[in-house]
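One-based numbering, in listed order, for ligands and for the atoms of each.
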Amino acid sequence: MSQYKAPRGTHDIYGQLALALEELDKISRSVFRKHNFKEIKTPMFEDVALFTRSIGEATDIVEKEMYVFEDRKGRKLALRPEGTASLVRAYIEHRLDMEEPVGKFFYCGDMFRYERPQAGRYREFLQMGAEYFGNPNPNADVEIILLAKEILSKLNINDVVIHINSLGCANCRPIFRQKLIDYFSSTQDLCEDCKRRLEKNPLRLLDCKIDSCKFQNAPAMKDCLCDDCKNHFSIVQALLQSVGCEYMVDDKLVRGLDYYTRTVFEVRSSAVGSQDAICAGGRYDNLVKELGGQQIPSVGFALGSERVLMAAQNTGFFENLPKKYLVFIAVADEDLFNEAFKFANNLMANKDNIKQKLNLPEQIIVEGPFLNKSLKSQFKLADKLEAKKTVLFGKTEFEKNKILIKDMAEKTQTEFEYND
Ligand code: HAM
């Protein structure tokens, strides 16, 4: 046993999980593309100030969870804890707002947060996300929520609750903030974190798991929304209702990132334990401007790939992953190895439509041939690898320009003409 283990909070992805992840990636990409989102790949690390500025100095992510380091020239960098800040940076840097009036982009990749590891919570995890720039209207918020829902339903994840809230805007949020300060200043026994939050970021109190029982009568944002925000939020709800998308308004939903304005949402699944948010997002109308761009209202979301796959454990998604069709190449006589090797390569390249001639499907996996293995052990290996067919190069058949193809399940074999 090696003394080396994957670092705490990270995990290796292999076997069924790797296949499922590939399928989730494929499904998400096709949904994103259908809605006209284009991919942006950004670096895994950025200037630390980008995240501090966009996510907010008084958030858990910035205060406690970022992997910050200095490079050899003393630049302060951080591994990305999320994708939105990087996308906004790239959007401004490449003047993408000049190319199209509305910009729709998606991304996928690893994110890093130094959190306490537990089921569904990692220090390196995968997100797939979408950001929609330049549409201030509530239909964009709903398009993003429905996009998330569409991906989940393609994995048969339908047993979810969509929590939504509005965090208001620069006009009405300060009123709510002050109401929270007034309310909580007279609340006894706040936990240490909440006492700190009360000074720096009172909205985050509503997210506290320890003190949540004391918040039953806390002020709600919906009672402080200005007319514009109220109107925006009611259109979001009317649109969700019009397409039959169920949701619940959740006064306590404040999110852990400071850039949000107006609509925020989380999709929660009871199938994944305490870390039940499988995707989340919201509107951020001021972030592009705050990072040096134009005033471009935007909205987006990200799903946590590992959590989504946990939610898909019992939906039949794993059972229905595309089945592999493995063709094993066996040699009965080592003199034929070179011929078999060439054949395997031609089969993979589908030269002269070999698959068609041999009645094999388009998507196949080719394994073999192997040197220094008895025919018996080659067949044993073919069984172990769950080969559907084994192509056998045998001396007697080959002298007659023939190869044998064995159906491993039915135990039948068919001769085929072999012309170079
Ligand atoms: P977030 O809520 O921090 O939002 O993360 C989005 C999703 O990533 C979560 O719902 C969860 O599924 C997954 N996730 C977060 N932390 C972890 C972790 N430690 N381990 C495993 N999965 C995790 C954002 O990141 C925003 N950038 C979303 C967004 C995009 N808002 C607007 N546009």
Side-chain angles (χ1 to χ4, degrees), residues 8-11 13 21 24 28 32 37 40 42 46 50-51 54-56 59-62 64-67 79-89 91 103-133 135 140-141 143-145 147-148 151-152 157 160-165 167 204 207 253-269 271-288 297-312:
R8 184 165 149 75
T10 68
H11 62 145
I13 296 170
L21 203 56
L24 168 61
S28 309
F32 289 145
F37 285 76
I40 299 193
T42 61
E46 302 262 3
L50 172 72
F51 298 120
S54 41
I55 297 168
T59 56
D60 284 352
I61 296 181
V62 168
K64 311 181 200 166
E65 296 170 3
M66 277 205 295
Y67 282 88
L79 295 181
R80 61 181 178 200
E82 59 110 45
T84 310
S86 304
L87 264 259
V88 172
R89 196 259 314 129
Y91 180 74
K104 290 172 154 186
F105 301 98
F106 75 90
Y107 53 94
C108 31
D110 300 58
M111 308 294 156
F112 305 84
R113 294 184 194 175
Y114 190 84
E115 290 190 87
R116 196 168 46 79
Q118 65 181 87
R121 189 160 71 190
Y122 303 100
R123 290 183 173 167
E124 180 180 9
F125 58 97
L126 286 154
Q127 274 190 352
M128 309 212 54
E131 311 294 346
Y132 185 169
F133 296 98
N135 189 342
D141 311 31
E143 186 177 340
I144 286 290
I145 295 172
L147 197 66
I151 294 173
L152 297 177
I157 304 174
V160 291
V161 182
I162 301 176
H163 293 240
I164 63 170
N165 194 13
L167 296 182
R204 299 281 308 138
D207 211 20
L253 182 65
V254 286
R255 310 274 299 121
L257 307 111
D258 280 355
Y259 47 63
Y260 291 113
T261 51
R262 294 190 166 167
T263 317
V264 287
F265 73 96
E266 268 181 21
V267 183
R268 297 186 190 162
S269 157
V272 296
S274 66
Q275 298 304 309
D276 58 355
I278 56 176
C279 49
R283 178 165 278 288
Y284 50 96
D285 286 345
N286 303 322
L287 185 59
V288 180
S298 312
V299 54
F301 89 101
L303 63 80
S305 302
E306 287 92 345
R307 285 191 201 171
V308 165
L309 292 181
M310 283 168 82

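Contacts of Q127 with ligand 1, taken as heavy-atom pairs under 4.0 Å, involve the side chain alone. Only the side chain of L257 comes within contact range of ligand 1, with a heavy atom under 4.0 Å; no backbone atom does. Neither the backbone nor the side chain of F112 comes within 4.0 Å of ligand 1, counting heavy atoms alone.
Protein heavy atom at the shortest distance from atom 20 (N) of ligand 1 is Y122 N, 2.9 Å. What sits closest to atom 19 (N) of ligand 1 on the protein, heavy atoms only, is E115 OE2, 2.6 Å. For atom 21 (C) of ligand 1, the nearest non-hydrogen atom of the protein is G120 O, 3.3 Å. In terms of protein heavy atoms, atom 26 (C) of ligand 1 is closest to Y259 OH, 3.4 Å. Ranking the protein heavy atoms by distance from atom 13 (C) of ligand 1 puts G304 CA, 3.6 Å first. Looking only at protein heavy atoms, the nearest one to atom 31 (N) of ligand 1 is Y260 OH, 2.6 Å. Annotation: atom 1 (P) of ligand 1 to nearest protein heavy atom, R255 NH2, 3.5 Å. Scanning the protein for heavy atoms near atom 27 (N) of ligand 1, the closest one is E82 OE1, 2.5 Å.
Judged purely by atom type and a 3.5 angstrom limit, R121 uses its side chain to pair as donor or acceptor with the backbone of R116. Distance alone, capped at 3.5 Å, is enough to place a donor-acceptor pair between the R307 side chain and the G120 backbone. Between the side chain of R80 and the backbone N or O of D110 there is at least one donor-acceptor pair closer than 3.5 Å. Looking at T263, its side chain never comes within 3.5 Å of a backbone N or O of D141 through a donor-acceptor pair. In this structure, the side chain of R89 does not engage the main chain of E46 through any donor-acceptor pair within 3.5 Å. The main-chain N or O of L253 is found under 3.5 Å from a side-chain atom of N165 such that the two form a donor-acceptor pair.
Not counting sequence neighbours, the partners of Y259 by the ring-ring contact (aromatic ring centres under 6.0 Å, His included) test are Y284. Remark: Y67 pairs with L79, F112, Y114, R123 by the side-chain contact (heavy atoms from CB on, under 4.5 Å) rule, at least two apart or across chains.
Those atoms of ligand 1 with a heavy atom of T84 less than 4.0 angstrom away are 26 (C), 27 (N), 29 (C), 30 (C), 31 (N), 32 (C), 33 (N). Atoms of ligand 1 lying under 4.0 Å from any heavy atom of R307, numbered from 1 in the order shown and given with element: 11 (C), 12 (O), 17 (C), 18 (C), 20 (N), 21 (C), 22 (N), 23 (C). Of all atoms in ligand 1, numbered sequentially from 1 with element shown, those under 4.0 Å from a heavy atom of C279 are 10 (O). Under a 4.0 Å criterion applied to the non-hydrogen atoms of R121, ligand 1 contributes the atoms 19 (N), 20 (N). Ligand 1 places these atoms under 4.0 Å from at least one heavy atom of I278: 10 (O), 12 (O).
Considering A148, S54, A277, G281 only, the shortest heavy-atom separation from atom 9 (C) of ligand 1 involves A277. When the options E306, R268, R113, R116 are ranked by their closest heavy atom to atom 3 (O) of ligand 1, first place goes to R113. For atom 16 (N) of ligand 1, the nearest non-hydrogen atom from the set Y114, F125, F301 comes from F125.
Contact of the V254 side chain with the V264 side chain is not registered, since no non-hydrogen atoms from C-beta on lie closer than 4.5 Å. Between I145 and F301, every side-chain heavy-atom pair lies at or beyond the 4.5 Å cut-off.
Proximity of G129 to ligand 1 is not established, as no heavy-atom distance is less than 4.0 Å.
Note that the CD atom of E124 and the NE2 atom of H11 stand 7.5 Å from one another [nearest 0.5 Å].
Residue E131 has at least one nitrogen or oxygen atom sitting less than 3.5 Å from a nitrogen or oxygen atom of ligand 1, judged on distance alone.
Nearest heavy-atom pair across M111 and G83 is SD-N, 3.8 Å.
In this structure, E266 pairs ionically with R255, as a charged nitrogen and a carboxylate oxygen lie closer than 4.0 Å.
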